[in-house]
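Data first, discussion second: the structure below is written as C-alpha cells.
Values in this document were obtained by computation on a predicted structure and should not be read as measured data. Just so it is clear: chains get the letters A, B, ... in the order the sequence lines come, proteins before strands, and each one is counted from 1.
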Amino acid sequence: MSTDSTSAPNFIRNQISEELEQGRLNQLVTRFPPEPNGFLHIGHAKSICLNFGLAEQFGGRCHLRFDDTNPAKEEQVYIDAIRDDIEWLGFHWSGDVRYASDYFEQLYEWACHLIREGLAYVDDLDAEQMREYRGTLTEPGRPSPWRERSVAENLALFEAMRNGDFEEGEKVLRAKIDMASPNINLRDPTLYRIRHAAHHQSGERWKIYPAYDFTHGQSDAIEGITHSLCTLEFEDHRPLYNWFLENLPVPSQPRQIEFARLNLNYTVTSKRKLKLLVDNDIVDGWDDPRMPTISGMRRRGYTPASVRKFCDMVGVARAAGVVDIQMLYHAIRSDLEENAPRAMCVMKPLKVVLSNLEEAFEQRFEVAGHPAREDMGTRSLPLTREIWIDRDDFMEEPPKKFFRLAPGQEVRLRNAYVIRCDEVIHDDSGEVSELRCSVDLETLGRNPEGRKVKGVIHWVSVAHGVPVEVRNYDNLFTVEAPDRDRDGDFLDHLNPESLETVQAIGEPALAEIEPESRFQFERVGYFCADRYDSAPGRPVFNRTVSLKDGWAKAQKKA
RNA sequence: UGGGGUAUAGCCAAGUGGUAAGGCACCGGUUUCUGGUACCGGCAUUCCCAGGUUCGAAUCCUGGUACCCCAGCCA
C-alpha cells in the first residue's frame with residue numbers, strides 16, 4: 001500500500017510548517033511518552049503516527065521516552081511490549097530509548113531550586129486533609145498550615161524525604177502557587193511523594209518520586225522537545241506546564257499542544273478497562289486478537305500500513321468524537337485486497353460427489369495467487385470426484401436470486417468447472433448430508449452455451465484438503481458505546497460470540513504456511529496465521545475481517 | 001458568570017470574508033469465474049440556535065444552547 005502516513009493536513013501540522021517557514025523553528029523535535037503500565041492501544045497508535053509522522057515529514061526527530069514516575073504500576077514487560085509495538089508499526093525513535101527516570105537527579109535539584117525561591121514547600125497534610133483544603137470546583141481552597149515553612153526547613157525536610165526518613169504518605173513536596181486559583185491544577189500541586197518501592201529502572205535509589213506535572217515539561221525541556229503533543233485532558237495542565245518552564249532554569253522552552261484522543265465505537269480504549277479484561281481472563285491476554293491493543297491487532301492480522309492508514313484517515317483535531325469501526329475495517333480490507341494472496345477454505349463443509357467423474361479422476365489447475373498481481377505467482381489446485389463446499393452455498397429451497405447451488409441449479413466451482421446439482425441426500429435426521437452433482441466438462445475457462453451461470457463458489461478436494469483451525473473474531477462488545485453505560489458496567493455488553501472456532505478445510509497450499517502469513521479466503525474474508533499457535537503443518541488462522549457481504553445485506557433488507 | 005474546551009451530513013474531517021474538500025457508511029448503476037474488487041453516479045441551498053456587521057458570513061460581532069474535561073500523594 002502506498003499510503004504515506006500523516007499526509008492529511010491538521011492544525012498541528014499547519015502550525016509547525018508555518019513556524020518552519022517563518023524561521024521560528026529550526027528543527028522539529030517531538031516525543032512519544034508512554035507510561036509502561038499497560039499495552040499500547042489504537043489510541044496510542046494515533047499519537048505515535050502523529051509524533052513520529054510529523055518528525056519524519058519535517059525532517060525532525062522523535063524521541064521515545066517512558067514516563068516512568070510511578071514504580072507501583074509500571075513493569076519491564078510493558079516497556080518491552082511498547083518498544084515492539086512501535087517498531088512493528090514501522091517507526092524509529094531518535095537516539096536511545098529515554099526514561100523520565102534518567103532525569104530524577106536533575107528534577108530533584110530543580111525541586112530544591114523551587115524551594116530556595118520560596119516556590120515549593122513540604123506539606124505534612126495527609127491525602128484526605130489535602131483534599132479538604134483544596135476546595136471544590138466552585139469554592140477556593142485554603143492554604144495548608146505548613147505552607148509558610150522556612151526555606152531551610154523545607155530543604156532539610158525534602159532531603160530527609162529523599163533519604164527515606166519518612167513513611168509513605170507522611171509528607172509531600174508541593175508547589176506554592178495559588179490555593180484560590182479557578183484552575184484546580186494550580187492549587188499547590190504535589191511535586192513529590194514518598195514511595196518506598198523498587199523502580200524498574202532506578203532500582204532502590206529513590207524513596208521519593210516526582211509527579212507527572214513536575215516531570216513531563218522539564219523532561220521535554222531537557223531533551224529539547226519543541227512540540228509536546230498530548231491529549232485534551234491535559235489542557236488544564238498547560239498553565240502548570242508553563243509555570244515550571246518559567247520558574248526553573250531549563251535549557252529550552254517546549255510548547256504543549258493538545259488534540260482529541262481517539263475513540264472507537266464497539267470497543268473500549270482505556271488502559272484501565274483493557275487491564276480489567278485481561279486480569280479477569282475475559283480475553284486471552286493483552287494481545288488477544290479481539291483487543292484494540294496494537295499487539296492484539298497485530299495478532300488479529302492487521303498490517304502496520306493499515307493501522308497507519310487508519311490513523312491518517314481519522315485525522316487530528318480538537319473535537320472529541322467517536323470514530324466508526326468500519327473505518328478501521330476499511331483500512332485493513334483495502335490493504336489486504338491488494339496485498340494478500342488468495343486461497344480457498346471451506347468453513348462449514350458439505351460433501352459434494354461429482355457423479356459423472358470417475359473414482360480416480362484428478363485434475364490439477366494452475367491458479368493465480370492473486371487476480372491482479374502476477375508477481376504473486378500461481379498455486380496448484382487439485383480437483384477430484386469428491387469435494388467440499390460450504391453449507392452456506394447450498395439451499396434446498398432457495399429464495400429468488402440465490403445464485404449458488406440448489407436442486408437443479410448450476411454454479412461455477414471457482415477456477416474450475418460449472419456443476420449442476422442433481423440430487424440431495426439427507427441423513428437420518430433429515431439434515432442435508434451430501435450432494436450429487438454433474439460436471440459440465442465444456443466449461444473450463446469459458447461460459448456454458450445458451451445459459452448464464454451467475455454463481456461462483458469455493459471448494460476443496462476431499463482427498464487433498466487440509467484441516468485448518470479457524471478463529472472467527474467479532475467485536476468484543478455488542479453496543480456502540482460500552483463505556484458510556486450510565487447505570488451499568490461496560491462488561492454487561494460483552495459479545496458472547498466474539499470468538500467462534502471452527503474446524504475448516506483448506507486447499508493444499510495452506511498446509512505449510514508460516515505464522516503471520518495473510519490470505520484472503522475467497523468469498524469469506526481475510527485471515528492471518530496466528531503468530532503463536534500456527535506452525536507449518538498445523539495451520540491456525542485468525543479472521544482479521546470478513547469480506548463485505550452484499551448478499552447478506554440484501555437479505556436483511558428483504 | 002468555578003475554570004478549561006468543542007460544535008460543519010449517520011461517523012471522522014477540510015475550510016479562517018468570495019459562495020460547503022476528502023474519507024467511512026449509505027443508495028443507485030456498470031464490469032466481474034470472489035454476491036468481493038474496480039469503475040460511474042447520488043448523498044449538507046447550508047455549517048448548534050437567534051440576532052447583527054458586510055455587496056457578500058461556516059468564517060467577523062453580540063447573546064444563547066448543547067456536549068466534553070478538571071476537585072490522585074495516577075499519567
Side-chain angles (χ1 to χ4, degrees), chain A residues 8-11 33-35 37 67-70 72-73 123 125-127 130-131 134-141 168-174 181-187 189-195 208-209 211-213 215-216 230-239 258 260 262 265 271-272 310 312-331 333-334 337-338 342 344 371-372 401-404 412-418 443-447 453-458 480 520-525 546-555:
Chain A
N10 62 60
F11 75 101
E35 185 191 12
N37 66 344
D67 223 330
D68 56 348
T69 56
N70 188 355
K73 290 188 177 175
D123 197 343
L125 254 33
D126 63 30
M130 252 176 91
R131 194 178 321 127
R134 187 154 34 231
T136 70
L137 292 177
T138 52
E139 299 158 35
E168 286 192 9
E170 214 179 316
K171 285 181 167 47
V172 293
L173 182 74
R174 303 176 71 178
S181 172
N183 181 346
I184 291 195
N185 295 120
L186 263 22
R187 319 243 262 227
T190 297
L191 270 28
Y192 271 89
R193 64 297 208 207
I194 298 167
R195 286 286 176 279
I208 55 174
Y209 290 92
Y212 164 84
D213 285 306
T215 307
H216 204 92
C230 63
T231 46
L232 254 22
E233 64 267 29
F234 292 101
E235 204 158 7
D236 290 341
H237 293 242
R238 194 170 63 225
E258 311 84 17
L262 173 71
N265 61 13
K271 265 196 228 170
R272 205 203 102 241
F310 169 73
D312 199 35
M313 287 196 294
V314 162
V316 178
R318 286 176 64 88
V322 182
V323 171
D324 193 336
I325 196 154
Q326 289 295 337
M327 243 199 245
L328 221 206
Y329 296 156
H330 171 79
R333 281 195 187 110
S334 68
E337 159 62 26
E338 188 182 336
R342 307 294 136 114
M344 291 199 281
K401 292 195 173 173
F402 182 78
F403 302 139
R404 284 114 90 152
R412 177 176 291 280
L413 295 181
R414 165 120 251 231
N415 297 308
Y417 301 103
V418 169
T443 55
L444 188 61
R446 69 180 141 178
N447 289 323
V453 176
K454 292 193 76 170
V456 179
I457 64 171
H458 53 99
E480 281 198 40
Q520 181 198 96
F521 290 166
E522 287 191 291
R523 305 206 316 125
V524 180
S546 66
L547 246 32
K548 285 206 236 170
D549 189 344
W551 170 247
K553 190 189 283 184
Q555 290 305 289

Problem - Approximate separation, where rounding is to 0.5 Å, of A:Tyr417 OH and A:Leu444 CG - result: 4.5 Å
Practice task
Identify whether any heavy atom of A:Gly141 sits under 4.0 Å from a base atom; if not, whether one sits that close to sugar-phosphate; answer base, sugar-phosphate or nothing.
Solution key: nothing
Practice task
Select base, sugar-phosphate, or nothing to describe what A:Thr69 touches, counting heavy atoms under 4.0 Å on all strands.
Solution key: sugar-phosphate
Exercise for the section: Quote, to the nearest angstrom, the C1' distance that separates B:rC67 from B:rC27. Expected result: 31 Å
Practice task
Write down the distance separating the P atoms in B:rC69 and B:rG29, rounded off to the nearest Å.
Solution key: 44 Å
Practice task
Could you let me know what B:rG17 is paired to, Watson-Crick or G-U wobble, both distances under 3.5 Å, or none if it's on its own?
Solution key: none
Handout entry: Between CD on residue A:Glu235 and CZ on residue A:Arg318, distance to nearest 0.5 Å
Key = 4.0 Å
Practice task
Please determine, for the side chain of A:Arg193, which listed nucleotide (B:rG35, B:rG36, B:rA75) has the closest atom?
Solution key: B:rA75
Practice task
Tell me which of A:Ala260 and A:Leu125 sits closer to the 5' end of RNA chain B, going by the nucleotide each one is nearest to.
Solution key: A:Ala260
Exercise for the section: Look at the side chain of A:Arg193 and the backbone N and O of A:Gly169, then say whether any donor-acceptor pair between them is shorter than 3.5 Å. Expected result: no
Exercise for the section: Under 4.0 Å between any heavy atoms, over every strand shown, what does A:Gly321 touch: base, sugar-phosphate, or nothing? Just pick one. Expected result: sugar-phosphate
Exercise for the section: Please answer whether the main-chain N or O of A:Glu233 pairs with a side-chain N or O of A:Thr231 as donor and acceptor at a distance below 3.5 Å. Expected result: no
Practice task
Using the C1' atoms only, state how far B:rA44 lies from B:rG23, rounded to an integer number of Å.
Solution key: 16 Å
Handout entry: Short side-chain N/O contact from A:Arg187 to OP1 or OP2 of B:rG3, under 4.0 Å
Key = no
Fill in the blank from the handout: Under a 3.5 Å limit on both distances, the Watson-Crick or wobble mate of B:rU6 is B:rA66
Exercise for the section: Write down the distance separating the C1' atoms in B:rC47 and B:rC60, rounded off to the nearest Å. Expected result: 15 Å
Practice task
Could you tell me whether A:Met344 contacts a base, only the sugar-phosphate backbone, or nothing, with contacts defined as non-hydrogen atoms closer than 4.0 Å?
Solution key: nothing
Practice task
Measure from the side chain of A:Met130, starting at C-beta and using heavy atoms only, and say which of B:rG35, B:rG4, B:rC73 lies closest.
Solution key: B:rC73
Exercise for the section: Answer yes or no: side-chain N or O of A:Asp236 and base N or O of B:rG3 forming a donor-acceptor pair under 3.5 Å. Expected result: yes
Handout entry: A:Val314 side chain, from C-beta outward: closest of B:rU6, B:rG2, B:rC12
Key = B:rC12
Exercise for the section: Quick one: label A:Asn37 by what it contacts on the DNA or RNA (base, sugar-phosphate, nothing), any heavy atom closer than 4.0 Å. Expected result: nothing
Exercise for the section: Select base, sugar-phosphate, or nothing to describe what A:Glu235 touches, counting heavy atoms under 4.0 Å on all strands. Expected result: sugar-phosphate
Problem - Nearest-angstrom distance, C1' atom, B:rU46 to B:rG15 - result: 14 Å
Exercise for the section: May I ask you to say what A:Arg412 touches in the nucleic acid, namely base, sugar-phosphate or nothing, with a heavy-atom cut-off under 4.0 Å? Expected result: base
Handout entry: Exam field: side chain A:Arg187 to backbone A:Arg134, donor-acceptor pair closer than 3.5 Å
Key = yes
Exercise for the section: Determine whether any donor atom in the side chain of A:Gln520 lies under 3.5 Å from an acceptor atom in the base of B:rU34, or the reverse, and answer yes or no. Expected result: yes
Practice task
Using a 4.0 Å heavy-atom cut-off across all strands, classify A:Glu258 as base, sugar-phosphate, or nothing.
Solution key: nothing
Handout entry: Which nucleotide in B:rC12, B:rA25, B:rC74 has an atom nearest any side-chain atom of A:Lys548
Key = B:rA25
Handout entry: Distance (rounded to the nearest 0.5 Å) between A:Glu522 CD and A:Arg414 CZ
Key = 4.0 Å
Practice task
Would you mind classifying the nucleic acid contact of A:Val453 as base, sugar-phosphate or nothing, using non-hydrogen atoms under 4.0 angstrom?
Solution key: nothing
Problem - Selected nucleotide, minimal atom distance to A:Thr138 side chain, candidates B:rU34, B:rG2, B:rA75 - result: B:rG2
Problem - A:Leu232, nearest nucleotide to its side chain (from B:rG35, B:rA75, B:rG5) - result: B:rG5
Problem - Listed nucleotide nearest any side-chain atom of A:Val456, set B:rU6, B:rC24, B:rC33 - result: B:rC33
Practice task
Using a heavy-atom cut-off of under 4.0 Å over every strand shown, decide if A:Val172 touches base, sugar-phosphate, or nothing.
Solution key: base
Exercise for the section: Mind checking A:Arg404 for me? I need base, sugar-phosphate or nothing, with any heavy atom below 4.0 Å counting as a touch. Expected result: base
Practice task
Between A:Gly315 and A:Thr136, just flag the one whose closest nucleotide in RNA chain B comes earlier from the 5' side.
Solution key: A:Gly315
Check nucleotides 27-29 of chain B for protein N or O atoms closer than 3.5 Å to its own N or O atoms and list the pairs.
unit_1, atom_1, unit_2, atom_2, d
B:rC27, OP1, A:Lys557, NZ, 3.4

Exercise for the section: Could you tell me the separation between the CZ atom of A:Arg195 and the CD1 atom of A:Ile208, rounded to the nearest 0.5 Å? Expected result: 12.0 Å
Handout entry: CE-OG1 distance between A:Met130 and A:Thr190, expressed to the nearest 0.5 angstrom
Key = 3.0 Å
Exercise for the section: Would you mind classifying the nucleic acid contact of A:Arg195 as base, sugar-phosphate or nothing, using non-hydrogen atoms under 4.0 angstrom? Expected result: base
Completion exercise
In this structure, CG of A:Asn183 is separated from NE2 of A:His237 (nearest 0.5 Å) by 8.0 Å
Exercise for the section: Would you mind classifying the nucleic acid contact of A:Arg131 as base, sugar-phosphate or nothing, using non-hydrogen atoms under 4.0 angstrom? Expected result: sugar-phosphate
Problem - Nearest-angstrom distance, P atom, B:rA9 to B:rA14 - result: 13 Å
Practice task
Provide the distance between the two P atoms, one in B:rA58 and one in B:rG72, to the nearest whole Å.
Solution key: 44 Å
Exercise for the section: Would you tell me if any nitrogen or oxygen in the side chain of A:Arg333 comes within less than 4.0 Å of OP1 or OP2 on B:rG36? Expected result: no
Practice task
Please work out if A:Val524 contacts a base, only the sugar-phosphate, or nothing of the nucleic acid, heavy-atom cut-off 4.0 Å.
Solution key: nothing
Practice task
Return the nearest nucleotide to the side chain of A:Val323; candidates are B:rC12, B:rA75, B:rG36.
Solution key: B:rC12
Exercise for the section: Considering only NZ, NE, NH1 and NH2 on the basic side and carboxylate oxygens on the acidic side, decide whether A:Arg333 and A:Glu338 come within less than 4.0 Å. Expected result: no
